[in-house]
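Remarks on the structure that follows.
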Amino acid sequence: DYMFTSHGKKYAVKNPDGSMNYENYRSYATKDSTMHSYAIMCPGAIGWQDTMVEMVTRVLDYGVPAVYLDEIAAARPYNCFDGSHGHLINDPKVWIEGHRKFMTEIRRRKPGAFFDCEDGAEAFIDMLDGLMIWRWHGVTPVFNAIYHGRIQFTGRQYSLPYGDLMAAHRQFFVKTA
């Protein structure tokens, strides 16, 4: 259980009854892939912030110029009721402030790095350089018109056919070429 016992249970968002929230995903490489549940981590948990700083900094130390951070700008916020995390219980500010805290530290350590993230949320634009937009098909491009000087859209809407991994990657060729 890679890091679930050591980190997942400890730093996941907790409900008032102590239960955790999960998201379920499966690979789209095959039609019969298995669903997996993943605990939603609390960005306000000091231990999770430290883990994110350590992991992202380590990846950048390998010499890669950019890191993709999944769901920061896509996931809905959760209020956390775990008092051991180092934040106020049920504080709605924790979701944004927690992400902001670890991203600020990562940027301090690696000022030239590029950070891309899934989807788009205004609250995180100053912390990121790119947004992998995948579900904005047909939306008036006001967001991009306003923020075009600050943030780059790095993806586009797609219809992913099962088993065709090249089709899955082709959606990004236009932006990365």
Side-chain angles (χ1 to χ4, degrees), residues 3 7-8 10-14 20-23 25 38-137 139-158 169 171-172 174-177:
M3 295 181 77
H7 289 69
K10 193 174 187 179
Y11 304 131
V13 171
K14 303 293 188 327
M20 296 185 293
N21 298 285
Y22 295 88
E23 288 188 357
Y25 296 100
Y38 299 92
I40 297 169
M41 304 309 290
C42 176
I46 294 168
W48 184 246
Q49 292 170 359
D50 293 343
T51 299
M52 288 298 294
V53 170
E54 177 189 328
M55 291 177 120
V56 173
T57 301
R58 184 174 3 147
V59 168
L60 292 167
D61 284 343
Y62 291 133
V64 298
V67 172
Y68 172 79
L69 300 160
D70 197 36
E71 290 212 358
I72 289 177
R76 76 167 187 86
Y78 285 83
N79 288 352
C80 182
F81 294 82
D82 190 330
S84 72
H85 287 176
H87 60 71
L88 295 175
I89 293 174
N90 196 26
D91 184 355
K93 296 182 295 186
V94 167
W95 195 261
I96 293 173
E97 289 177 357
H99 284 106
R100 186 167 302 287
K101 186 173 179 184
F102 71 73
M103 284 303 299
T104 298
E105 179 58 19
I106 294 166
R107 284 221 181 259
R108 186 190 70 74
R109 293 182 186 194
K110 299 292 183 180
F114 179 92
F115 298 96
D116 197 10
C117 185
E118 178 183 7
D119 227 357
E122 255 178 322
F124 302 109
I125 286 179
D126 64 322
M127 300 184 313
L128 303 165
D129 303 294
L131 297 172
M132 185 193 73
I133 304 301
W134 62 271
R135 59 181 166 193
W136 286 33
H137 181 70
V139 175
T140 305
V142 173
F143 188 93
N144 201 17
I146 293 169
Y147 295 112
H148 72 277
R150 174 60 194 99
I151 197 87
Q152 175 65 48
F153 282 7
T154 58
R156 58 190 171 98
Q157 177 70 24
Y158 67 95
H169 292 94
Q171 66 175 323
F172 300 105
V174 175
K175 287 291 188 179
T176 60

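Small disclaimer: the values here were computed from a predicted structure and weren't measured.
One distance of note links CH2 of W48 with CE of M55; it measures 6.0 Å at 0.5 Å rounding. Note: F153 CZ to D116 CG = 11.0 Å, rounded to the nearest 0.5 Å. Once rounded to the nearest 0.5 Å, the distance linking NZ of K10 with CE of M41 reads 10.5 Å.
None of R108, E105, M103 except one satisfies the side-chain contact (heavy atoms from CB on, under 4.5 Å) rule with V53; the exception is E105.
Sorted by first and then second residue, the salt bridge (Lys or Arg N to Asp or Glu O under 4.0 Å) pairs involving residues 81-97 (not counting sequence neighbours) are K14-D82. Applying the salt bridge (Lys or Arg N to Asp or Glu O under 4.0 Å) test to pairs two or more places apart or on separate chains, those with a residue in residues 45-67 are E54-R58, D61-K110.
Taking all atoms of both residues into account, the shortest heavy-atom contact from A73 to C117 is N-SG, 3.2 Å.
The aromatic rings of F124 and H99 sit perpendicular to each other, their planes meeting at more than 60°, with 30° as the lower class boundary. Using cut-offs of 30° and 60° on the angle between ring planes, the pair W95 and Y78 is tilted.
Formation of a donor-acceptor pair under 3.5 Å by the H87 side chain with backbone atoms of I46 is not found in this model. With hydrogens and angles ignored, the 3.5 Å screen pairs a side-chain donor or acceptor of H148 with a backbone N or O of A145. At distances below 3.5 Å, not a single donor-acceptor pair connects side-chain atoms of E118 with backbone N or O atoms of L131.
With sequence neighbours excluded, the residues that form a side-chain contact (heavy atoms from CB on, under 4.5 Å) with R150 are I125, D129.
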